[in-house]
Each structure stands twice: as C-alpha cells, then as structure tokens.
A.B. asks: 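Here it is: the structure, laid out below.
Remember, predicted model here, so these are calculated numbers, not experimental data. Only heavy atoms go into these numbers, but all of them, side chains included; no hydrogens, no water, no symmetry mates. Lettering follows sequence order; numbering is per chain, from 1.
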Amino acid sequence: MLVIYNSLTKQKTLFTPIEPGKVRLYVCGMTVYDHCHIGHARVMVVFDTVVRYLRHLGYEVIYVRNITDIDDKIIHRAQENREDITQLTQRFIQAMYQDTDALGVLRPDLEPRATEFIPQILAMIQRLLDNHYAYLTEQGDICYAVNRFQDYGKLSGKHLEELRAGERVEINTTKQDPLDFVLWKAAKPGEPNWQSPWGPGRPGWHIECSAMSTHCLGNHFDIHGGGMDLQFPHHENEIAQSEGATGEPFVNLWMHNGFVRINEEKMSKSLGNFFTVREVLQRYAPEVIRYFILTSHYRSPLNYSEQNLELARQALTRLYTALRGLSILGPGFFPMAESPYQQSFLAAMDDDFNTPEALAVLFDLAKEINRLKNTDPNQANQRGQELSHLAHILGLLQTDPEQFFQQGQAVEEIEQLITDRNIARQQRNWAEADRIRDYLKAQGIVLEDSGQQTTWRKI
RNA sequence: GGCUGAGUGGCAGAGUGGCUAUGCAGCGGCCUGCAAAGCCGUUGACGUCGGUUCAAUUCCGGCCUCAGCCUCCA
C-alpha cells in the first residue's frame, strides 16, 4: 500500500488514483537558459524514481514534464549572448538531455513547451477573464485578481493579509492588489511576442503550467511535483488559475522535493554556489551522482560535498562488488516469489518513497550474496538477480560491474601489467609483484587477488 | 515578523514507545606471500529543559540552534 506525503494536507496519505490503475503526473521542469545544476538533477532523478516505482507497482503512468522556453531570464540571456532565443533554448534543451540521459533519467511521456501552447494559454486567460478572476491593467497586461479566489494560500499555508504585511513596495504598478500576478505581459519593443485579443505580448510564468498540465492530463489529475521553492508562489498560482478557469479541483496530491545544500545553504543560481551536472560528471561516474541523490529522502535536504560524493562512490562500489562474477540475466528476470529482501524493499518504497531505507535493503542483499558466493554459487546468482531487479527500480546497477570498475581506463595496458605481475608471483618474486601493484595503485588502480584470478578496479 | 521543515554515533543518513538500520571510518579475528576485496565479531547516538508512561531518541509542551518560503529560483 503506497503512502505519499501530500504538501497540500501536510500528511502522508494512502495513494488512490482518480482512475484505477492509472496515474497522471505533472512535474515542473527546466527553464532553459543555462546548464542543469545538481539541484535540477535532484528533481529529475527524484521524479524519475517515483515514476519507475509507480510503474513497478503496475500503474499506467502518464508523466508530463514541461520545458519553459520563454521568460525574462531567457530573453536577458539571449541579449547578453547576442544569440537568437530559439537557438539559445535549443542549445540548452540538448544539453539537458545529455545530462539527464547520463543520470539514467527516463524521458517523460510528454514534454510540452510554453511556446508551443500559446493558443491554450490564451484560451485559459480568456476563461479567467470571463469568470472575473482576471482583469486588464492600464499598461495592457492581464493580471490575476488574487482576492477573487477563495482558497488562495491553501497550498503554502499563507494568508493574503500576512502576505500583504510583508509585501515589498512595488512602484509603477497598475495592479489592483500588489499580490496579483501577471497572466499576459504586453510586449515591449524588441521583445518576442505573440498576437492576442489584448494585443501582442507573451505569457506570464505561472499560466503556462496551468494550461499545459490541464491540456495534457485533464482538468483534474493525480500528482503535481516540483522543487520546494515552487510551492509559493508558482504552485499556489497554478491552483488559482486552473481552478478559477475550469471550476474543477486541479490536483489531488502535491509533492515537493527538498533542496541541495552546500555548507548548510541552499544551492541556487542567485547565491552563485551551484555546481552543474556536467562539472560533477568530470569527476564522478553518472551513477555515483544518481546514487548520491537517492541516499537522502526526497523531502530532506541533500548536502552536496566532495566527501559525500566520495561516500556514494564507495557505497556503490560495494554493491557492484557483490554483483561481480555472477551471471545476471537482466532486471526483467526475477524467478523468486517470496523474498524478505523484496518485501522490505517494497515496504520502504511504499512509505513515501523512502530510498535510503530501500538502499539499506540492497546492502543486506549484497552481504547475503557475498556469503553465498563461497557456499552456494547458484543461490548467489539468484540473489544477484534479485539485487539487480530491485536496483533497477531505482535506476541503479544496470551496467556490467567490470565496466563500472574500469571506467574508461587503458584496459590492455593494465592487463598486461597484471600478467607480468602474476608471472613474478609464480616465481615468488614478491618485490617485483609489489612494485607493479604499487605502480598501478599510484594511478588509482586497485588489484584484488582471489585464487588464480586477479581482478582490478579504478578508484 | 508570518508560515514550513529539521536537529541521531567520527562522517553520511534511515527509523522506532522497550528488540543490530545501512554505507564509510575504528577495533579484534578469519582469509592472503603481503595486500585488497570478502566474511565473522565489536566500540559508538539520538540539541536542551520539563511532562505523560512500568518504559521515550521515539508522544506532548517550553527553550536553543539551523535551513527554507514570504522576490527570480528545482
């Protein structure tokens, strides 16, 4: 029985899809004006894991993750670069795919882009105007009238009065209420724009997600996700827009993942303390980054540090070591019916996607495999199969162990040296054998002798 | 100031009203030419002050500290 924490009710509740057996899920994706950083990687990996698990449970999942390809930051960046906007966004969309593919993030089923949904956006704004949730300002913008929406603040636990008290003074505004937000921005000279009944302009940030999610998944769908920082105002505004326009409940369950932190501080663009995925990939295998993300529960903070990445590398090494030398058929094969490991794993994942606990089960399994390797190779293979099967749900352990250990090293040279060393060992020339081993160790290659065989791995 | 969330052993990080989380590191042993890996055993913890209870790290309350949102942000 899958239980998920709902940001809307601030409680864990039994997950019940609107339509039995089907899950409709929307996640706020990237604004494509720069490379993915580790914070983006976390959203991608977390919800990829959610989708993988839902599918494992047998749900038919429609996973939608949008791309924001028009907004202020994109326009500014394009101006800075003296680059065409489409060229800029295309470039970073490609870069995003490189990063997410590396991390084992499966592509969403639908990936709507704001610029491709202008008609739907205009239609929704028109409905909001018709329903008196929106108004035209003197500047020609369309704004959402926050006080018209009864439940405004229900997601973030905020009240209009309190928000107003802390409001910063905005100058030159023609809004009726400082908390009102823009649905449609009238075009300024030189800015990209689209035709609308209210003149040329472009969509505000929040409206695209309302238009795209309801268009792709229907007015009322199961799960909406994103980073914690989107809870307010972005998701709050999405609710106001969608429910205001459709008159139906928008989303049953809101999931928000925690931040990546550096030195007890949020990793963010504005603080400038971020690492891009491609930077980190230069030093760590992609799977290490994925593992690292899954070591902490998705709602907890994730502390980024070189040391923690190193811990992740070592932990993953232990799992791959257990798999080493076994014959694994692939994640689809899993002959065992009743298994205490599988049971614990599923129980952990059923409890709001508790990946740290699920990973702990993988280590229990690894220990069992290591024991069995000497006593019952057949059983060891079976458990190895199980390990691979369960890890697959998390998107882990899907490469060949030797490949993981070798990581693009000059394999032939190393194996020649190992052969040389083993000849020396046969001749009981320990000095020479140790010299070769130390030489390789200095290059980060560790040798392991077992019986007649010598294996190696890159640290 | 308002609203969230968190404080667990050397580090990372789950969890539980009484029973070993897990990984890395440490200690003792097995294995090994010596190692490495692996296996067996083992040390070590729940911010603080009260309350509830036979029993609290786990429930309740106060306090302290930290992070986040309230402005673009995953």
A.B. asks: How many Å lie between CG on A/L316 and C1' on B/U22, as a whole number?
C.D. replies: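 Spelled out: CG on A/L316 to C1' on B/U22 is 15 Å.
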A.B. asks: Taking the P atom in each of B/A45 and B/A35, what is the distance between them to the nearest angstrom?
C.D. replies: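 To the nearest whole Å, 32 Å.
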A.B. asks: Below 3.5 Å between N/O atoms, which protein atoms pair up with nucleotides 9-12 of chain B? Just atom names and distances, please.
C.D. replies:
unit_1 : atom_1 : unit_2 : atom_2 : d
B/C11  : O2'    : A/Q307 : OE1    : 3.4
B/C11  : O2'    : A/Q307 : NE2    : 3.3

A.B. asks: Taking B/U20 as the reference, what is the distance to B/G41 when you measure between their C1' atoms (whole Å, please)?
C.D. replies: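 These two C1' atoms come out 13 Å apart once rounded.
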A.B. asks: Could you check whether A/G258 gets within reach of a base, just the sugar-phosphate, or nothing at all, counting any heavy atom under 4.0 Å?
C.D. replies: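 Base contact.
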A.B. asks: In whole Å, measure the gap between the P atoms of B/C69 and B/G47 for me.
C.D. replies: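 Those two atoms are separated by 25 Å.
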A.B. asks: What I want to find out is whether A/K73 reaches A/D34 closely enough, with some N-O distance under 4.0 Å, to be called a salt bridge.
C.D. replies: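 Between A/D34 and A/K73 there is no salt bridge, as every charged N stays at least 4.0 Å from the carboxylate O atoms.
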A.B. asks: Taking the cut-offs as 6.0 angstrom to the six-membered ring centre and 45 degrees off its axis, would you call A/K458 and A/F405 a cation-pi pair?
C.D. replies: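 Verdict for A/F405: no cation-pi partner in A/K458.
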A.B. asks: Determine, using ring centers only, whether A/H389 and A/H392 are less than 6.0 Å apart.
C.D. replies: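 For A/H392 and A/H389, the ring centres are not under 6.0 Å apart.
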A.B. asks: Determine the Euclidean distance between corresponding P atoms of B/C27 and B/A36; express it in Å to zero decimal places.
C.D. replies: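 So the two P atoms sit 12 Å from each other.
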A.B. asks: Mind checking whether A/Q406 and A/R457 have side chains closer than 4.5 Å, heavy atoms only?
C.D. replies: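 No - every pair of side-chain heavy atoms lies 4.5 Å or more apart.
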A.B. asks: In whole angstrom, give the distance that lies between atom CZ of A/F292 and atom P of B/A14.
C.D. replies: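 That distance rounds to 12 Å.
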A.B. asks: What distance, rounded to whole Å, do you find between the two C1' atoms, one in B/G18 and one in B/C59?
C.D. replies: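 Their C1' atoms lie roughly 15 Å apart.
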A.B. asks: Round to the nearest Å and state the distance from A/K73 atom NZ to B/A74 atom C1'.
C.D. replies: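 Distance, rounded to whole Å: 11 Å.
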A.B. asks: Can we call the ring centroids of A/H35 and A/F92 under 6.0 Å apart?
C.D. replies: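 Between A/H35 and A/F92, the centre distance is under 6.0 Å.
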A.B. asks: Can you tell me, in whole Å, how much space there is between the P of B/C3 and that of B/G26?
C.D. replies: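 Per the computed distance, 47 Å lies between those P atoms.
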A.B. asks: Would you mind checking if A/K185 and A/D72 are paired as a salt bridge, meaning a charged N to carboxylate O distance below 4.0 Å?
C.D. replies: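 Salt bridge: yes.
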A.B. asks: According to the interplanar angle, ranging from 0 to 90°, do the rings of A/F363 and A/Y291 count as parallel (below 30°), tilted (30 to 60°) or perpendicular (above 60°)?
C.D. replies: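 Aromatic pair A/F363/A/Y291 classed perpendicular.
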A.B. asks: Just grab all the salt bridge (charged side-chain N to carboxylate O under 4.0 Å, His left out) pairs involving residues 392-410 of chain A, residues at least two apart or on different chains.
C.D. replies: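 Passing the test, one end in residues 392-410 of chain A: A/R324-A/E402.
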A.B. asks: For nucleotides 34-46 of chain B, give me one character per nucleotide, 5' to 3': B if any protein heavy atom sits under 4.0 Å from the base, S if the only such contacts are to the sugar-phosphate, - if neither.
C.D. replies: BBBSSSS------
A.B. asks: Check A/D71 with A/R202, please: is the shortest side-chain N to carboxylate O separation under 4.0 Å?
C.D. replies: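 No, A/R202 and A/D71 are not salt-bridged.
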A.B. asks: Quote, to the nearest angstrom, the C1' distance that separates B/A74 from B/C64.
C.D. replies: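 After rounding to an integer number of Å, I get 31 Å for this pair.
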A.B. asks: Using side-chain heavy atoms (C-beta onward) and a distance below 4.5 Å, is A/D376 in contact with A/R371?
C.D. replies: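 Not touching, per the 4.5 Å side-chain cut-off.
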A.B. asks: What nucleotide, of B/C3, B/C72, B/A74, holds the atom closest to the side chain of A/K158?
C.D. replies: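 Nearest to the side chain of A/K158 among the choices is B/C3.
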A.B. asks: When all nucleic acid strands are considered with a 4.0 Å heavy-atom cut-off, which category describes A/G39: base, sugar-phosphate, or nothing?
C.D. replies: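 Base, at least one base heavy atom under 4.0 Å.
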A.B. asks: Measure the distance from CG on A/L179 to C1' on B/G2 and round it to the nearest whole Å.
C.D. replies: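 Nearest whole value for this atom pair: 13 Å.
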A.B. asks: Within the structure shown, what part of the strands sits under 4.0 Å from A/F363 by heavy-atom distance: base, sugar-phosphate, or nothing?
C.D. replies: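 Sugar-phosphate only.
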A.B. asks: Round to a whole Å and report the spacing from CH2 of A/W254 to P of B/A74.
C.D. replies: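 So the CH2-P distance, A/W254 to B/A74, works out to 16 Å.
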A.B. asks: When the distance from CZ of A/R299 to C1' of B/C69 is rounded to whole Å, what number comes out?
C.D. replies: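 About 17 Å, once rounded to whole Å.
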A.B. asks: With the side chain of A/W430 defined as its heavy atoms from C-beta on, choose the nearest nucleotide among B/A74, B/G33, B/A14.
C.D. replies: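 For the A/W430 side chain, the nearest candidate turns out to be B/G33.
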A.B. asks: Expressed in whole Å, how much space separates the C1' atoms belonging to B/G2 and B/C11?
C.D. replies: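 Their C1' atoms lie roughly 36 Å apart.
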A.B. asks: Using a heavy-atom cut-off of 4.0 Å across all strands, would you classify A/A315 as base, sugar-phosphate, or nothing?
C.D. replies: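 It contacts sugar-phosphate atoms only.
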A.B. asks: How would you label the contact of A/V361 with the nucleic acid (heavy atoms, under 4.0 Å): base, sugar-phosphate, or nothing?
C.D. replies: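 Contact class for A/V361: none.
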A.B. asks: If the plane angle is over 60° it's perpendicular, under 30° parallel, otherwise tilted; pick one for A/F274 and A/H37.
C.D. replies: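 Aromatic pair A/F274/A/H37 classed tilted.
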A.B. asks: Rounded to the nearest Å, what distance is computed from the CD atom of residue A/E236 to the C1' atom of nucleotide B/C69?
C.D. replies: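 Answer to the nearest Å: 12 Å.
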A.B. asks: Using a 4.0 Å heavy-atom cut-off across all strands, classify A/M267 as base, sugar-phosphate, or nothing.
C.D. replies: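 Here A/M267 touches the bases of the nucleic acid.
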A.B. asks: Go through the structure and list residues passing side chain to side chain donor-acceptor pair (under 3.5 Å) with A/D48, not counting sequence neighbours.
C.D. replies: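 Counting only residues at least two positions away or on another chain, A/D48 forms a side chain to side chain donor-acceptor pair (under 3.5 Å) with A/R52, A/R290.
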A.B. asks: Counting side-chain heavy atoms from CB outward, which of B/C72, B/C24, B/A74 is closest to A/Q314?
C.D. replies: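 Nearest listed nucleotide: B/C24.
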A.B. asks: Could you check how far CG of A/L309 sits from P of B/G13, rounded to whole Å?
C.D. replies: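 Distance, rounded to whole Å: 13 Å.
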A.B. asks: Applying a 4.0 Å non-hydrogen cut-off, can you work out what A/S156 is touching in the nucleic acid: base, sugar-phosphate, or nothing?
C.D. replies: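 Sugar-phosphate, backbone atoms only, no base.
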A.B. asks: Using a heavy-atom cut-off of 4.0 Å across all strands, would you classify A/S7 as base, sugar-phosphate, or nothing?
C.D. replies: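 Touches nothing.
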A.B. asks: When you check the phosphate oxygens OP1 and OP2 of B/C69, does a side-chain N or O of A/K266 lie under 4.0 Å from one of them?
C.D. replies: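 For B/C69, OP1 or OP2 has a side-chain N or O of A/K266 closer than 4.0 Å.
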A.B. asks: Taking the nucleotide of RNA chain B with the closest heavy atom to each, which residue, A/L271 or A/G226, is nearer the 5' end?
C.D. replies: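 With A/L271 and A/G226 compared, the 5'-side residue is A/L271.
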A.B. asks: Check residues 345-354 of chain A and write down every donor-acceptor pair under 3.5 Å in which the side-chain atom is one partner and the other belongs to a residue at least two apart or another chain.
C.D. replies:
unit_1 : atom_1 : unit_2 : atom_2 : d
A/D350 : OD1    : A/Y53  : OH     : 2.9
A/D350 : OD2    : A/M1   : N      : 3.2
A/D351 : OD1    : A/K12  : NZ     : 2.8
A/D352 : OD1    : A/Y5   : N      : 3.1
A/D352 : OD1    : A/Y298 : OH     : 2.7
A/D352 : OD2    : A/H297 : NE2    : 3.4
A/D352 : OD2    : A/Y298 : OH     : 3.4
A/D352 : OD2    : A/R299 : NE     : 3.0
A/D352 : OD2    : A/R299 : NH2    : 2.7
A/N354 : OD1    : A/E357 : N      : 3.2
A/N354 : ND2    : A/E357 : OE1    : 3.2

A.B. asks: Side chain of A/S296: nearest nucleotide among B/G13, B/G15, B/U22?
C.D. replies: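 For A/S296, the side-chain atoms sit closest to B/G13.
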A.B. asks: Would you call A/D434 and A/R421 a salt bridge, using N to O less than 4.0 angstrom?
C.D. replies: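 Answer for the salt bridge query: no.
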A.B. asks: Kindly express the pairing pattern of RNA chain B in dot-bracket notation, using | wherever a base pairs with another strand and counting only Watson-Crick or G-U pairs under 3.5 Å.
C.D. replies: (((((((..(((.....[...))).(((((.......)))))....(((((..]....))))))))))))....
A.B. asks: With heavy atoms under 4.0 Å as the rule, sort A/H159 into base, sugar-phosphate or nothing.
C.D. replies: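 Contact class for A/H159: none.
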